[in-house]
Amino acid sequence: MLLLISPDGVEEALDCAKAAEHLDIVDVKKPDEGSLGANFPWVIREIRGAVPADKPVSATVGDVPYKPGTVAQAALGAAVSGATYIKVGLYGCTTPEQAVDVMRGVVRAVKDYRPDAFVVASGYADAHRVGCVNPLALPDIARRSGSDAAMLDTAVKDGTRLFDHVPPDVCAEFVRLAHEAGLLAALAGSVKAVDLGALTRIGADIVGVRGAVCEGGDRSTGRIRPQLVAAFRAEMDRHAREHAAATATS
Ligand SMILES: O=C[C@H](O)COP(=O)(O)O
């Protein structure tokens with residue numbers, strides 16, 4: 001399982017760089033603009049320059065409205081700024097067809113510019129609270145639009161977590177559907193170390209975190225700390241080892 005960490009700006013990204021050996025993807029966002037809030041192009045560019053070249057930089061394009069042209073242009077902006085993972089939060093899409101429309105535009109805009117870019121269609125585990133598409137619709141939306149991964153995060157950061165809204169057995173179905181469609185499955189949403197056992201068993205390809213690696217576990221007032229990233233990674237590795245051992249003996 002890959003570890004994606006979301007700094008809120010250049011300063012936190014530098015702290016991520018200090019823990020680079022423990023993480024896989026640096027995900028630029030602007031948490032004060034929403035769960036998948038988009039940051040400025042120059043921040044993406046500066047972070048790309050600050051983290052080791054072998055670590056992909058991801059950028060969130062926002063909790064986007066149903067405006068395919070606007071979103072495609074924003075996604076291209078993120079790619080031009082140096083992000084190779086482009087994450088789109090389908091907040092304003094109320095049907096799978098709308099979501100496919102938006103993601104098709106993103107895939108074309110991004111891949112015409114950079115064919116090896118990786119496009120992530122993200123929905124929300126707590127979709128019922130904000131009125132967007134059902135979490136289990138995401139793998140098919142990603143497949144139909146030519147995206148590379150389906151993701152879930154939480155829209156409302158009020159302390160509730162991924163599994164509060166989408167229990168582990170339903171997350172397992174999400175991962176199964178994504179894999180069946182040939183996609184990677186990414187899961188996030190105030191994930192804590194205690195969730196890593198279930199996420200490992202479920203077979204998620206990417207886990208995304210911010211709060212869990214911030215001081216005090218607070219994604220808004222705390223700062224990302226390299227030692228918390230290292231500790232989180234150690235827990236991931238421990239679960240991976242235990243799972244591999246259990247699978248080998250069963
Ligand atoms: O992409 C992952 C998000 O940044 C998750 O943030 P969070 O762990 O604070 O919910």
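Read the numbers this way: they start at 1 and go in the same order the structure lists the ligands and their atoms. Small disclaimer: the values here were computed from a predicted structure and weren't measured.
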With sequence neighbours excluded, what pairs up with Phe40 under the ring-ring contact (aromatic ring centres under 6.0 Å, His included) test?
Trp42
Should the pair Tyr124 and Tyr91 be assigned to parallel (<30°), tilted (30 to 60°) or perpendicular (>60°) ring geometry?
perpendicular
One thing to verify: whether Asp237 and Arg233 come together as a salt bridge, which I'm taking to mean a side-chain N less than 4.0 angstrom from a carboxylate O.
yes
Which residues share a side-chain hydrogen bond (donor to acceptor under 3.5 Å, both in side chains) with Thr221, sequence neighbours left out
Asp218
Holding to side-chain hydrogen bond (donor to acceptor under 3.5 Å, both in side chains), I want the full list of residues that pass it with Arg114, two or more places apart in sequence or in another chain.
Asp116
Could you pull out every N or O of ligand 1 that sits under 3.5 Å from a protein N or O, with the distance for each pair?
unit_1: ligand 1; atom_1: 1 (O); unit_2: Lys29; atom_2: NZ; d: 3.4
unit_1: ligand 1; atom_1: 1 (O); unit_2: Lys87; atom_2: NZ; d: 3.0
unit_1: ligand 1; atom_1: 4 (O); unit_2: Ser6; atom_2: OG; d: 2.8
unit_1: ligand 1; atom_1: 4 (O); unit_2: Lys29; atom_2: NZ; d: 2.7
unit_1: ligand 1; atom_1: 6 (O); unit_2: Arg219; atom_2: NH2; d: 3.1
unit_1: ligand 1; atom_1: 8 (O); unit_2: Arg210; atom_2: N; d: 3.0
unit_1: ligand 1; atom_1: 9 (O); unit_2: Gly211; atom_2: N; d: 2.9
unit_1: ligand 1; atom_1: 9 (O); unit_2: Arg219; atom_2: NE; d: 2.6
unit_1: ligand 1; atom_1: 9 (O); unit_2: Arg219; atom_2: NH2; d: 3.4
unit_1: ligand 1; atom_1: 10 (O); unit_2: Lys157; atom_2: NZ; d: 2.6
unit_1: ligand 1; atom_1: 10 (O); unit_2: Ser190; atom_2: N; d: 2.7

Between Asp148 and Tyr85, do the side chains contain an N or O donor and an N or O acceptor separated by less than 3.5 Å?
no
